[in-house]
Amino acid sequence: MAGFNKVVGSYAEALDGLSDNMTVISGGFGLCGIAEGLIAQIQRMGTTGLTVVSNNCGVDGFGLGLLLEKKQIKKMISSYVGENALFEQQLLSGELEVELTPQGTLAERLRAGGAGIPAFFTATGVGTPVAEGKEVREFSGRQYLMERAITGDFAIVKAWKADRYGNCIYRHTAQNFNPMAATAGKITVLEVEELVEPGELEPSSIHTPGIYVNRVIVGKFEKRIERKVLSTAKV
Amino acid sequence: MAGFNKVVGSYAEALDGLSDNMTVISGGFGLCGIAEGLIAQIQRMGTTGLTVVSNNCGVDGFGLGLLLEKKQIKKMISSYVGENALFEQQLLSGELEVELTPQGTLAERLRAGGAGIPAFFTATGVGTPVAEGKEVREFSGRQYLMERAITGDFAIVKAWKADRYGNCIYRHTAQNFNPMAATAGKITVLEVEELVEPGELEPSSIHTPGIYVNRVIVGKFEKRIERKVLSTAKV
Amino acid sequence: MALNREQIAKRVAQEFYDGAYINLGIGIPTLAANYVPKNMEVMLQSENGLLGMGPYPTETQVDADMINAGKETVTAATGASIFSSAESFAMIRGGHVDLTVLGAFEVDIHGNIASWMIPGKLIKGMGGAMDLVAGARNIIVTMTHADKHGNSKLLSDCTLPLTGVNCINKIITDLAVLEVKEGAFHLLERAPGVSTEEIISKTAGKLIVTANVPEMQV
Amino acid sequence: MALNREQIAKRVAQEFYDGAYINLGIGIPTLAANYVPKNMEVMLQSENGLLGMGPYPTETQVDADMINAGKETVTAATGASIFSSAESFAMIRGGHVDLTVLGAFEVDIHGNIASWMIPGKLIKGMGGAMDLVAGARNIIVTMTHADKHGNSKLLSDCTLPLTGVNCINKIITDLAVLEVKEGAFHLLERAPGVSTEEIISKTAGKLIVTANVPEMQV
């Protein structure tokens, strides 16, 4: 009955098979809902030439910024990368390539990747630099771009609670890109706050069914806050 | 503060504006998770020439079968219509038109309709009668069909619990097509078992956010079972 | 002798493996769920939105809101998840289901399958079959080797409208287990007591037979 | 006199209506949330996956897992729902958000908007702005009428790379409220004490001015 016990005991096991020049999809929005321990493990492994698909690229010294420090990232596919001085530096020096994708298009490209849809049409980006090189097509009198699906060799996903089947739920807005990332990795690794017994999660409330998940590791999270704003700061 | 109180007091109000030749999207799989009272109201209204988008067309005398009885349906867009003698009769006599769509393609066409995606590609149906008249296109060496989104003038959706904002959850496998139907109707009407106070539903467990919902009515449900099979029937 | 339904189902279950996500079609495929070997855990996907289908319910467990893709009352196993039809077919289309077993009218040497429509008869619809054959990683067809008139259902080219093209990997019939590859059926096993000659005579499409074809263990 | 930030935000809030689902960009648009009229209920959508954004948290309410699209800590209002980024943009792209208010570098008479990229400066990315302008039913831009050098930001044709084409309906600046239609800006209101002449002089694109343009009520 070991087939569905996806829990691994070490970060090394969790990312076993990750090698240079692979594509890694990372859940998270800014520093919210990121697989902190898995990112740190990639840094320890020193894997280079990575294409990283993530809405953002962390900040200097935290999150995916850690991988920039060691120049492990060759290319980022993101919607917003403005929080990181090291990013800017590597981009300007030509060490780093970036493919900017509108946030909703990025989310949908990942969903499509997981759902076996190779391409779809969206009005987002028509008439903008994002449209360059893409097929434009009219439906019902409006123009749309054809956008392609994204899949990755690995997906690193941060969840709140998971069972050994890999069924999981996300906490509050730490959900963000994680459910799509989970579906789009050839190997999907879940780093979770808490492991629960099968049956504890209500079947209809599970965000990501275990079928998408290959490995589960219980992590420890710092959960750094990017912009702490209090109700007293503004009326 | 009336803007978000979507609860209506009568079925007449719930379907106000529905008229002949409109397109109605219905949630449900077989007789499971169907908006029984809203279907009955359409029968009472006698609206004709309807295009109905639903995975199935009910059974004789129940569910969408009620609308067949009064010859209110001009066209069905479905994946499986084999449970209904009246359906067969009207189809053979030419009174009823049917567009058969693979089940997964139907679900995705509705999701696309709600999500502002006019068309997408899928491998489902390549080389089959479903491909007739559709664009075939190769991505990474495999052929795919281009399928178009579906939207409707009305969507009739069956939920378990909802609040006055229209936030709702579905019960067990009565979820099925309901979440996609809810997103794809110009006017989406929710028929629910139970109205709860805002805040009672856990925000991260809500299946359909209220933004998709225009009207909510509390219904009474017979919940007829199509095939009751017991554990004692087979080992 | 030709296998009966239970024996075919038993042979189908031998294709299961620990940790597999499996979608079983109506009929013999569903029956195979009864023969999952002990000490093996598989998870059954039902395309109406249930991953982790359990046994049929007892009278007190019956719930109109808990059905399978065959519209039969079912239960959810421990560790089940329940979701929308769009999510269910995202799973299927995206290649996340390890194995699909389904019935067919005809299969041919190109791996094509016809299973949903007989011209002249009423068209009931394809349901989820086209999505399943287009999406699952591994697809097994189970059916009788010949129809009731003795006509082979393993053809050079399907004659009925197709459900999917170039998608069937393996066929388990009442007479044999066959692999489909490189434009031919390859005989892997024969039913106990069934001769290679009988299988050859009942297979219309090109059939590759090596010496000493083993008998199925059922 | 030209409006200050708070006054612009107040004028923006006059576009809100009871029962509206609204996405507010960073800066002045977000500030407008403070001026929702009493007896009116609106629901704020934050594109990272929150519908029903509440006020900023108190020190004890702060939660790293509860942020808005500006990555600021927030709370969830009663009746909120939380979902994935794909669901959030399905909502936006599908036209379910009633109103989007966002800032811009330039807007032109064709309703085009440039708001994300200044060539020669570092490109930070468009985030969700392109999806928002392509998807929302009604889009209002709020910005200063001219840049700090006095150059008009309301042009015949945007000079910067675009965020979206033919999508802006209304512009609320520190000097005026304008509608964009039929290839021109139409002056609807002017800031208290600001002359029509000043607005004309600071609007580079074609501007239609009717007699007796009313003053804003802020």
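First the proteins, then the strands, lettered A, B, ... as listed; each starts at 1. This one's a predicted model, so the numbers in the text were calculated from it and none came from an experiment.
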Inset, instruction - Please indicate whether B:K223 has more than 12 foreign heavy atoms, meaning atoms of other residues, nucleotides or ligands, lying under 6.0 Å from its NZ. - result: yes
Legend entry - Among B:G27, B:G30, B:C32, residue most engaged with chain C (heavy-atom pairs, under 4.5 Å): B:C32
Legend entry - Under 4.5 Å from a heavy atom of chain B, the part of C:T163 involved: backbone
Inset, instruction - Give, for atom CG of C:D108 and atom NZ of C:K206, the distance between the pair rounded to the nearest 0.5 Å. - result: 13.5 Å
Legend entry - Residue selection (most heavy-atom pairs with chain C, distance under 4.5 Å) from B:S78, B:G82, B:G104: B:G104
Inset, instruction - Examine distances only and state if a side-chain atom of C:E215 and a backbone atom of C:G193 form a donor-acceptor pair shorter than 3.5 Å. - result: yes
Inset, instruction - Heavy atoms only, distances under 4.5 angstrom: which of C:A114, C:A64, C:S84 has the most pairs with chain B? Name it, please. - result: C:S84
Inset, instruction - Check each atom of C:L132 against the heavy atoms of chain B and say whether the ones under 4.5 Å are side chain, backbone, both or neither. - result: neither
Inset, instruction - For each of C:K71, C:Q61, C:E59, tally heavy-atom pairs with chain B at distances under 4.5 Å, and name the one with the top tally. - result: C:K71
Inset, instruction - First locate atom CG of C:L160, then atom CH2 of C:W116, and finally report the distance between them rounded to the nearest 0.5 Å. - result: 11.0 Å
Inset, instruction - Heavy-atom pairs under 4.5 Å with chain B are the metric here; pick the option from C:D63, C:I82, C:D65 that has the most. - result: C:D65
Legend entry - Toward chain B, the part of C:P57 with a non-hydrogen atom under 4.5 Å: both
Legend entry - Heavy-atom pairs under 4.5 Å with chain B, option from C:P55, C:A69, C:S88, C:A76 with the top count: C:A69
Legend entry - Contact leader toward chain C among B:N56, B:N84, B:L91, B:L110, where contacts are heavy-atom pairs under 4.5 Å: B:N56
Legend entry - Exam field: side chain C:S156 to backbone C:G205, donor-acceptor pair closer than 3.5 Å: no
Legend entry - Backbone N/O of C:L3 and side chain of C:D174: donor-acceptor pair under 3.5 Å: no
Legend entry - Donor on one side chain, acceptor on other, B:Y170 and B:T208, under 3.5 Å: yes
Legend entry - Cationic N near anionic O, under 4.0 Å, B:E200 to B:K161: no
Inset, instruction - With chain C as the partner chain, list the residues of residues 119-127 of chain B whose heavy atoms fall under 4.5 Å from it, by residue number, and write 'none' if nothing qualifies. - result: B:T122, B:A123, B:T124, B:G125, B:V126, B:G127
Inset, instruction - Please determine, by modelled atom types, if B:Y80 and B:Q103 share a side-chain donor-acceptor pair under 3.5 angstrom. - result: no
Inset, instruction - Determine which residues belonging to residues 177-190 of chain B lie within contact range of chain C, meaning some heavy atom pair is under 4.5 Å apart, and list them by number or answer 'none'. - result: B:F177, B:P179, B:M180
Legend entry - Interface moiety of C:I67 toward chain B, non-hydrogen atoms closer than 4.5 Å: both
Inset, instruction - Please determine if B:R224 and B:E83 form a salt bridge, counting it only when a charged side-chain N lies under 4.0 Å from a carboxylate O. - result: no
Inset, instruction - Examine whether an atom of C:N68 lies under 4.5 Å from a heavy atom of chain B, and if so say whether it belongs to the side chain, the backbone or both; otherwise answer neither. - result: backbone
Inset, instruction - Please confirm whether the backbone N or O of C:T159 pairs with a side-chain atom of C:E106, one donor and one acceptor, at under 3.5 Å? - result: yes
Inset, instruction - Count the heavy atoms belonging to other residues, nucleotides or ligands that lie under 6.0 Å from NZ of B:K71, then report whether that count exceeds 12. - result: no
Legend entry - Pair B:N55-B:S79, side-chain hydrogen bond (donor to acceptor under 3.5 Å, both in side chains): steps then yes or no: CA-CA 5 Å; B:N55 190 56; B:S79 88; 2.7 Å; yes
Legend entry - Heavy-atom donor-acceptor pair, C:N138 side chain to C:D98 backbone, under 3.5 Å: no
Legend entry - Part of C:E87 within contact of chain B (heavy atom distance under 4.5 Å): neither
Inset, instruction - Give a yes or no on whether C:Q217 atom CD has more than 12 heavy-atom contacts from other residues, nucleotides or ligands under 6.0 Å away. - result: no
Inset, instruction - Look at B:K134 together with B:E147 and state whether they make a salt bridge at an N to O cut-off of under 4.0 Å. - result: yes
Inset, instruction - Assign the ring pair B:Y144 / B:F139 to parallel, tilted or perpendicular, where the plane angle (0 to 90°) is split at 30° and 60°. - result: perpendicular
Legend entry - Per-residue contact mode, B:E99 against chain C (heavy atom under 4.5 angstrom): neither
Inset, instruction - Among B:T101, B:L92, B:L106, B:V98, single out the residue with the greatest number of heavy-atom pairs under 4.5 Å to chain C. - result: B:T101
